[in-house]
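First comes the structure, then the notes that go with it.
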Amino acid sequence: MNYKNEKQLLIFIRFALPILALLFTIAITTFLYIEKKTKFNKLTEEIQSTFIKNKKQTIKEQIDNLYYYIVSEQKDLQENLKKSLSYEVKQTHKIAKNIYYRYKHNHSKDEIKEMIKAAIREIRFNNDRAYFFIIDKEGKNQLHPIMPELEGKDVYNTRDSKGSYIVKEPLELLKKKDEIFYNWYWVKSQEDKKEYKKIGFIKNFHELNWVIGTGEYLEEFSKDTQEKILKQIEKLRYGKNSYFIVTNKDEKYISHINKNLINKDVFKILEETNTTESIDTIKKILKTKEGFVTLDFFKPNSNVVSSKIIYLKNIPNWGWTISTGFYVDDASKAIEDEKKRIEKEYQENLKNLLFIFLISIIILVPLFFYISFIIEKKFKKYKDSIQEHIDENQKQYKLLAQKSKLTAMGEMLANIAHQWKQPLSLITTSTSSIKLNKELGIKDDEFLYKSIDNIQINANHLAETINDFMDFFRPDKNKNKFFMKDVIAKTLKLLSSQFQAKKIEIIQQIQDISIISYERELLQVLLNIISNSKDAILENSIENGLIFIEIYKNENNVIIEIKDNAKGINENIKERIFEPYFTTKNKAQGTGIGLYMSQEIITKHMNGTIEVDNIQYEYNKQIEKGAIFKITLPISN
């Protein structure tokens with residue numbers, strides 16, 4: 001670039017930015033003004049139709065939400081009844097069991113039976129309709145609170161109106177299951193000869209060779225559910241004069257804000273304030289299941305008749321119609337208020353726009369002059385600094401290359417230190433224990449030999465560790481055939497003193513599988529994972545620490561699963577635990593290299609995979625949470 005062109009460029013930079021800033025500000029301000037003016041005119045024109053449309057959409061959404069709620073309750077009706085029956089029978093079963101075990105040592109079985117029957121006889125639920133019965137395994141009725149004359153009689157071959165054996169069939173099923181649901185049809189009373197569907201739940205009471213059960217008419221439970229829903233609907237509000245109305249198949253109000261209308265004829269009430277045409281429109285909509293209608297009606301707590309837009313919808317099965325709406329005069333007032341609000345907002349926006357324009361001019365023009373000056377100054381220095389930056393970058397590249405070499409060397413040293421730490425600690429612990437026994441005069445040859453064996457094993461392991469790391473990247477390492485049980489045994493032997501001291505239980509489920517691979521490297525991986533589980537259990541203060549080791553065959557692979565109950569790994573860091581140097585422990589406890597090395601060994605050396613996840617499971621009737629490592633290895637390479 002020659003001097004003349006450079007000077008022209010500097011002049012352009014100095015004045016172009018301020019001029020462009022001024023023109024840009026004027027253009028933006030003009031555009032915003034036109035847009036806001038257009039928007040204001042459009043809003044004032046459309047506000048009435050939009051408002052009515054939105055209100056209609058609102059009441060439709062409210063009715064749809066209520067509809068789905070009711071239909072959902074209908075759908076779950078039978079399931080809810082089953083849950084209720086199951087819960088009540090199980091509670092009563094507990095009562096009977098408590099009585100039996102409390103008195104079985106000092107009362108006869110007959111006395112206990114009478115005590116249980118006396119305790120259960122008066123228990124009722126579901127608005128005092130439902131009761132409990134007892135039948136023995138031979139089909140003889142032992143308890144029937146409603147029909148005591150059946151007690152002691154053989155009811156084994158009793159049938160309902162459909163021909164089903166309502167005692168025989170359930171007793172046969174209870175030979176295979178401890179509890180069951182079943183259906184039958186039965187009359188409600190002597191006056192009502194019609195038979196209704198009844199759902200029952202029965203459960204074995206093995207101690208006395210009994211069956212304890214109950215049943216409930218589905219129709220009666222449905223009525224309870226309807227009453228519950230109606231009470232809930234009465235409480236629902238979503239705005240001024242906004243409530244729900246429910247009518248039944250007899251066209252009578254069953255829910256309304258005006259309690260005086262309950263059980264009144266809908267159309268007789270509407271005829272007082274509406275034309276025959278409006279009434280006919282409602283009847284047509286009722287036939288089409290849902291829709292909008294406009295009619296005149298009294299406002300709540302008022303004698304004023306106002307036009308109201310209503311949306312109504314039929315509820316299947318129950319013959320209900322639900323509806324809600326809004327009064328047009330309330331909407332008109334809201335529309336006027338909205339117009340005033342928009343106009344006020346427009347005026348305020350216009351003032352703000354002019355203010356912003358002036359402030360922008362005052363700030364931006366001097367600012368861009370200053371920026372132009374800075375750019376001009378920087379430009380003059382730019383040419384001189386280019387070569388300096390190039391030279392500096394070359395130096396940085398050399399430093400980075402050297403640092404990469406040093407990092408690789410440091411990583412290998414850290415690996416060796418990490419692998420030696422645990423065996424050295426075990427050797428120290430064993431020698432200290434031998435010395436302490438000697439000082440205390442305790443002669444325990446078994447403990448002595450065991451400690452010496454432990455020292456020897458760990459000393460051998462220290463020697464083997466060096467060989468492992470020397471062979472780590474060599475492709476010519478020798479594979480050998482070994483059994484998975486032996487590897488686990490060696491692993492746990494190295495760690496046994498730690499688990500005994502910390503009261504951590506190891507649960508094994510290991511199939512007798514042999515593979516051809518690198519035994520020492522697999523041992524290294526297992527030591528690392530199991531030690532991490534131990535550390536996590538201790539860190540989370542788990543009282544009863546558990547570590548599960550399961551090994552099984554899957555086609556041509558062996559699967560190793562190791563899980564614990566240390567609450568699991570934080571989901572935010574789970575994806576990073578195999579990264580080198582990533583650790584949640586302090587510097588004294590870990591370097592973050594163990595799991596990284598484990599993954600390297602499994603994937604690159606042993607042609608397998610290693611995965612980690614969180615798991616929730618049940619053990620000894622307790623729900624446990626922890627991490628699970630899954631290693632997949634080929635049986636033969």
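The main-chain N or O of Val155 is found under 3.5 Å from a side-chain atom of Thr158 such that the two form a donor-acceptor pair. In this structure, Asp136 contributes its side chain and Lys140 its backbone to a donor-acceptor pair below 3.5 Å. Gln74 places a side-chain N or O within 3.5 Å of a backbone atom of Pro316 that can act as its donor or acceptor partner. Side-chain atoms of Glu179 do not come within 3.5 Å of backbone N or O of Ile202 as any donor-acceptor pair. The main-chain N or O of Lys625 is never found under 3.5 Å from a side-chain atom of Asn565 such that the two would form a donor-acceptor pair. Using modelled atom types, no side-chain atom of Ser86 and backbone atom of Lys82 make a donor-acceptor pair closer than 3.5 Å. Looking at Thr324, its side chain does come within 3.5 Å of a backbone N or O of Tyr243 through a donor-acceptor pair. Panel note: side chain Asn274, backbone Asp296; a donor-acceptor pair is recorded below 3.5 Å. The backbone N or O of Lys109 sits nowhere less than 3.5 Å from a side-chain atom of Tyr103 that would complete a donor-acceptor pair. Side chain of Thr214 to main chain of Tyr131: a donor-acceptor pair is present (N/O by atom type, distance under 3.5 Å, no hydrogens or angles).
For Lys56 and Phe292, the positive end sits near the middle of the six-membered ring, less than 6.0 Å away and at most 45° from its axis. For Lys197 and Tyr185, the positive end is not near the middle of the six-membered ring at less than 6.0 Å and at most 45° from its axis. Judged by the 6.0 Å distance and 45° axis criteria, Lys563 is positioned over the aromatic ring of Tyr617. For the pair Lys264 and Tyr253, the cation-pi criterion (under 6.0 Å, within 45° of the ring axis) is not fulfilled.
In summary, the side chains of Glu207 and Tyr101 do present a donor paired with an acceptor at a separation below 3.5 Å, with no hydrogens or angles considered. Glu220 and Tyr196 form no side-chain donor-acceptor contact under 3.5 Å, judged by distance and modelled atom types alone. Judged by distance alone, the side chains of Asn126 and Glu216 do bring a donor and an acceptor atom under 3.5 Å apart. In this structure, a donor-acceptor pair under 3.5 Å is absent between the side chains of Gln622 and Glu618. Side-chain contact, Tyr156 with Glu138: no donor N or O sits under 3.5 Å from an acceptor N or O. The closest side-chain donor-acceptor pair between Asn204 and Lys177, if any, does not fall under 3.5 angstrom.
A salt bridge links Glu114 and Lys117; the closest N-O separation between the charged side-chain nitrogens and carboxylate oxygens is under 4.0 Å. Glu219 and Lys198 are not joined by a salt bridge, as no carboxylate oxygen comes within less than 4.0 angstrom of a charged side-chain nitrogen. Taking the charged nitrogens against the carboxylate oxygens, Asp224 and Arg129 do have a contact shorter than 4.0 Å, which makes a salt bridge.
Nearest heavy-atom pair, Gln508 versus Ile488, reported as atom, atom and distance to 0.1 Å: OE1-CG2, 3.5 Å. Heavy atoms only, all atoms of each residue included: Ile504 and Leu546 are closest at CG2-N, 4.4 Å. The nearest pair of heavy atoms linking Ala130 to Gly215 is CB-O, 4.0 Å. Across Tyr552 and Glu561, no two heavy atoms sit closer than the pair OH-OE2, 3.0 Å. Nearest heavy atom pair, residue Ile112 against residue Lys104, reads CD1-CA, 3.4 Å.
With rounding to the nearest 0.5 Å, the separation of CD1 in Ile631 from CG in Asn557 is 13.0 Å. A distance of 12.0 Å separates CZ of Phe267 from OG1 of Thr276, quoted to the nearest 0.5 Å. Considering CD1 of Ile229 and OG of Ser255, their distance stands at 11.5 Å, rounded to 0.5 Å. For the atom pair CE (Met115) and CD1 (Ile99), the distance works out to 7.5 Å, reported to the nearest 0.5 Å. Rounding to the nearest 0.5 Å gives a distance of 12.0 Å between NZ of Lys630 and CD1 of Ile560. Rounded to the nearest 0.5 angstrom, Phe629 CZ and Asn532 CG are separated by 6.5 Å.
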For Val246 and Ile233, run side chain to side chain contact (heavy atoms under 4.5 Å, CB included): C-alpha distance rounded to whole Å, both residues' side-chain angles, the deciding distance at 0.1 Å, then the answer. CA-CA 9 Å; Val246 185; Ile233 291 173; 3.8 Å; yes
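By the 30° and 60° cut-offs, the orientation of the rings of Phe132 relative to Phe125 is tilted.
The only member of Tyr87, Phe205, Tyr100 that meets ring pair (Phe, Tyr, Trp, His ring centres under 6.0 Å) when paired with His93 is Phe205.
Contact of the Leu77 side chain with the Asn80 side chain is not registered, since no non-hydrogen atoms from C-beta on lie closer than 4.5 Å.
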